[in-house]
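The figures that follow rest on heavy atoms only: side chains count, while hydrogens, waters and symmetry mates do not. One-based numbering along the sequence shown.
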Amino acid sequence: MNEYERYRLVRLHSAMAVLAAGMFGLLLFAAGRLPVSPGFYHSIHLALGLAVMVVCWLVAVQGWSVFPHTLSMERLMMGALFFSSGLLFSLHVVLSFASDGVEASPFSLSARLTLAWGLLFLFSRRDEVMERRSGQRWQAFFAAFAYAAVVGLFIHWVAPLWPGDGTSRWPLWWKAGEGIAGLLDAGAALLVWRRWRQGSSRSFLYWLLALWWFALGQWLLMLGGGHALWGQLYEMAGFLYVVRAMYVETVEKPYVELKQHKQQLEMMANALGEGLMMLNRDGRIVWMNPEAGRLLGLDPEEAKGKPLFSFVSLAGPDGSAWDWKRLRRVVKQLKSGEVIRVEEEPFRRHDGVCLPVGYTLAPVMENGALTGLVAVLRDMTEKKEKERLEREREQLDFELSLAANMQRALLQTSSKADLPSYVDISVLSVPARVLSGDFYHFAVHQTSVSACIADVSGKGIPAAMLMTLMKFILDRTVHYGTQPHVYLDLLNRFAYDYTEPSMFVTMFVGNYNEKTHTFSYACAGHEPALWYRAKTKQCVPLHAKGCALGLFPQFSFETKSVVLEPGDFVLLYTDGVTEKRGEEADDDFSVLASMVARVNLDQPAAQIVRDLYEHIKAYHQYEQKDDQTLLLLRRR
């Protein structure tokens with residue numbers, strides 16, 4: 001119940017309570033002056049007594065029948081309470097027909113007092129769920145019967161001693177009893193109001209009004225005379241609210257809760273990513289969620305009551321019919337209570353569309369007999385597509401690993417070349433992905449050794465393919481001499497003719513001459529090499545004019561040279577060593593020079609390169625975003 005509905009009910013019932021109280025105030029002054037004939041009063045009195053008796057028996061029967069389903073102590077005690085009160089009211093009605101009503105009156109008073117204190121007791125405590133045991137109802141109702149019998153015998157034995165007769169005024173004890181019953185009903189009403197405020201069912205609002213009418217009715221009965229008839233009418237109104245409260249609690253509330261649960265289950269079923277369907281034992285569709293309708297190509301509402309076999313077939317060898325032998329085996333398994341799970345099966349819908357579907361069939365058994373089944377359907381299209389993509393990815397990974405092995409073998413051919421003893425050369429190359437776009441090359445001449453380092457634009461397979469081609473051309477240009485710019489001229493023409501316009505290569509080529517100790521170099525848009533001068537312990541950048549290879553068909557590269565002293569070395573590197581993508585950084589050369597200053601340079605070239613790479617990893621915070629290559633050439 002939402003807040004608006006709760007507020008509306010409180011306002012409506014408050015108005016009824018105020019109306020009852022207003023009428024009570026008017027009756028205090030006017031009821032005694034209204035003439036009522038004894039015959040008319042007696043007839044109305046008996047009719048109202050019969051109605052009250054019927055209500056009590058209805059509530060008792062309701063408590064008897066509902067208890068096994070709820071195991072509610074309050075429902076059981078309520079039924080027993082109204083059973084005992086119904087017995088006392090029944091004695092009152094029977095004796096009213098047989099006498100003038102004086103002997104019958106104590107039974108109605110005892111019934112009212114029984115209801116008053118019983119309801120006060122029940123509403124003073126929280127309801128509890130009892131453990132299921134045999135004979136609980138019989139014990140409670142037998143105790144109620146015994147109570148009514150004891151009260152009835154007591155009244156029968158003591159009645160002759162009571163003063164007054166049919167014409168005398170009502171004695172004081174009678175008025176006191178009715179007043180006490182009214183006070184008990186008012187106290188019970190306060191307890192019911194407190195439970196309602198704590199969030200109980202809206203049936204408590206009807207109980208609240210019933211007890212309020214009871215209390216006002218008892219006080220009118222206490223006044224006697226012309227007020228008695230109105231007191232009984234108030235009492236009857238209270239019993240009508242009792243009937244309404246029991247209806248709300250035992251009929252309307254379970255129905256509303258069942259409807260809400262049904263809606264919640266349907267929402268949950270509709271939100272499932274799997275199809276859910278229920279079939280009866282004849283294979284007819286009882287219910288399905290929208291996902292099942294999508295898989296079978298059906299409208300869930302239109303498909304109800306129709307056989308599933310007319311809409312979909314479990315594709316057999318010919319892909320268009322049911323395999324009836326297999327279907328009989330499936331039915332036999334279901335009748336034995338076995339749950340059937342199938343990972344994947346092609347379903348052919350009535351519109352001709354074939355879908356891979358996984359399904360689970362769960363039998364619904366009743367007394368050992370198959371009464372229906374629940375089917376859970378899963379669309380396997382996405383799973384099959386993922387499996388296909390996964391197989392393709394695995395194949396691609398395998399091919400990339402082969403290409404990477406070939407690439408490493410190709411580069412290691414250069415690093416394992418028979419290098420002369422007058423230089424100490426070491427190289428370290430770490431790809432950002434499986435394949436690298438960086439590459440290096442060594443070439444040994446009669447009195448010199450050449451070394452180059454290059455970086456192909458982009459990454460991955462295209463860069464690796466271009467790198468392989470460039471390495472192949474370098475291997476074929478040894479006989480063209482030792483001038484670095486000659487290499488670049490040849491490679492530039494090849495790159496321009498045979499590569500995509502969007503791709504290019506940056507390269508730094510150097511040649512060390514053993515006789516003159518000169519290091520000649522040329523650059524094609526690459527980072528300047530770092531020349532470390534051992535005497536002054538300074539790092540000097542080696543710049544040369546040149547653009548990246550493959551951009552222009554002709555370009556005039558220049559060759560420059562420096563003289564290497566003993567202990568001097570030249571460090572070639574790619575931009576992945578010093579460049580931080582998307583971040584403001586110092587000059588790349590200065591960054592590399594500061595790293596060189598922190599390395600022990602008295603070590604062999606291989607150890608210097610490894611130590612330098614540790615500083616590079618720390619500089620990039622151990623997150624490599626580009627290929628990284630270092631090549632160190634030192635004069636011994």
| Val376 and Tyr359: side chain to side chain contact (heavy atoms under 4.5 Å, CB included), yes or no, with the steps? | CA-CA 5 Å; Val376 180; Tyr359 59 90; over 6 Å; no

| said: Apply side chain to side chain contact (heavy atoms under 4.5 Å, CB included) to residues Arg391 and Lys386 and explain how you reach the verdict. | reply: CA-CA 9 Å; Arg391 289 193 298 270; Lys386 287 182 178 179; over 6 Å; no

| query | Stepwise, does the salt bridge (charged side-chain N to carboxylate O under 4.0 Å, His left out) test hold for Lys332 with Glu338? | reply | CA-CA 9 Å; Lys332 186 177 180 180; Glu338 183 179 346; over 6 Å; no

| request: Evaluate side chain to side chain contact (heavy atoms under 4.5 Å, CB included) for Leu220 paired with Leu216, printing each intermediate quantity in order. | output: CA-CA 6 Å; Leu220 287 174; Leu216 297 179; 5.6 Å; no

| request: Would you sort out whether Thr371 and Arg281 count as a side chain to side chain contact (heavy atoms under 4.5 Å, CB included), showing the intermediate values? | output: CA-CA 5 Å; Thr371 60; Arg281 61 176 300 166; 5.5 Å; no

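Here the closest heavy-atom approach between residue Trp64 and residue Arg137 is recorded as O-NH1, 2.7 Å. Listed here is the closest heavy atom pair of Asn280 and Val286: N-CG2, 3.7 Å. Contact record, Met236 with Ala51: SD-CB, 3.5 Å, taken as the closest heavy-atom pair. Residues Ala20 and Tyr234 approach most closely at O-OH, 2.7 Å, considering heavy atoms. A pairwise comparison of heavy atoms in Glu249 and Ser203 identifies OE1-OG, 2.7 Å as the closest pair. Counting all heavy atoms, side chain and backbone alike, Asn289 lies closest to Glu274 at ND2-O, 3.1 Å.
You'll find the side chain of Leu191 reaches within 4.5 Å of the side chain of Leu120, heavy atoms only. The side-chain heavy atoms of Val339 and Thr360, taken from C-beta on, include a pair separated by under 4.5 Å. Side-chain contact check for Met130 versus Phe67: some heavy-atom pair is nearer than 4.5 Å. At least one side-chain heavy atom of Tyr241 sits under 4.5 Å from a side-chain heavy atom of Trp213. A heavy-atom distance below 4.5 Å is not found between the side chains of Leu221 and Trp219. Within the 4.5 Å cutoff, side-chain heavy atoms of Phe123 are placed close to those of Trp207. Side-chain contact between Val374 and Met278 is present, with at least one heavy-atom pair separated by less than 4.5 Å. Side-chain atoms of Asp379 and Arg294, non-hydrogen and from C-beta on, do get closer than 4.5 Å to each other.
Scored by the side chain to side chain donor-acceptor pair (under 3.5 Å) test, Gln136 finds no partners at all (sequence neighbours excluded). Residues passing the side chain to side chain donor-acceptor pair (under 3.5 Å) test with Trp57, sequence neighbours excluded: Ser90. Evaluation of the side chain to side chain donor-acceptor pair (under 3.5 Å) rule for Gln139 yields no partner, not counting sequence neighbours. Not counting sequence neighbours, Trp117 has no partner by the ring pair (Phe, Tyr, Trp, His ring centres under 6.0 Å) test.
Within a 6.0 Å sphere centred on CD of Glu392, heavy atoms belonging to other residues, nucleotides or ligands number more than 12. No more than 12 heavy-atom neighbours from other residues, nucleotides or ligands sit within 6.0 angstrom of CD on Glu382. Within a 6.0 Å sphere centred on CD of Glu394, heavy atoms belonging to other residues, nucleotides or ligands number more than 12.
Rounded to the nearest 0.5 Å, atoms CG (Asp185) and CD (Glu235) are 9.0 Å apart. Leu208 CG to Arg194 CZ: the interatomic distance, rounded to the nearest 0.5 Å, is 13.5 Å. In this structure, the separation between CZ on Phe239 and CD on Gln232 is 11.0 Å, given to the nearest 0.5 Å. Remark: Leu240 CG to Leu209 CG distance equals 12.0 Å, nearest 0.5 Å. To the nearest 0.5 Å, the span separating CG on Leu109 from OG1 on Thr114 amounts to 9.0 Å. Once rounded to the nearest 0.5 Å, the distance linking NZ of Lys335 with CG of Leu373 reads 12.0 Å.
A salt bridge links Glu390 with Arg393; the closest basic N to acidic carboxylate O contact falls under 4.0 Å. Classification of Glu385 and Arg388 as a salt-bridged pair holds, one side-chain N sitting under 4.0 Å from a carboxylate O.
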Distance-only donor-acceptor hits, side chain of residues 299-306, under 3.5 Å, sequence neighbours excluded:
residue: Asp299; atom: OD1; partner: Glu301; partner atom: N; Å: 2.9
residue: Asp299; atom: OD1; partner: Glu302; partner atom: N; Å: 3.3
residue: Lys306; atom: NZ; partner: Glu302; partner atom: O; Å: 3.3

For residues 73-81, dump all side-chain donor-acceptor pairs below 3.5 Å to protein atoms at least two apart in sequence or in another chain.
residue: Glu74; atom: OE1; partner: Arg195; partner atom: NH1; Å: 3.1
residue: Glu74; atom: OE1; partner: Arg195; partner atom: NH2; Å: 3.4

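Exactly one of Phe82, Tyr147, Phe83 qualifies for a ring pair (Phe, Tyr, Trp, His ring centres under 6.0 Å) with Phe141. That residue is Phe83.
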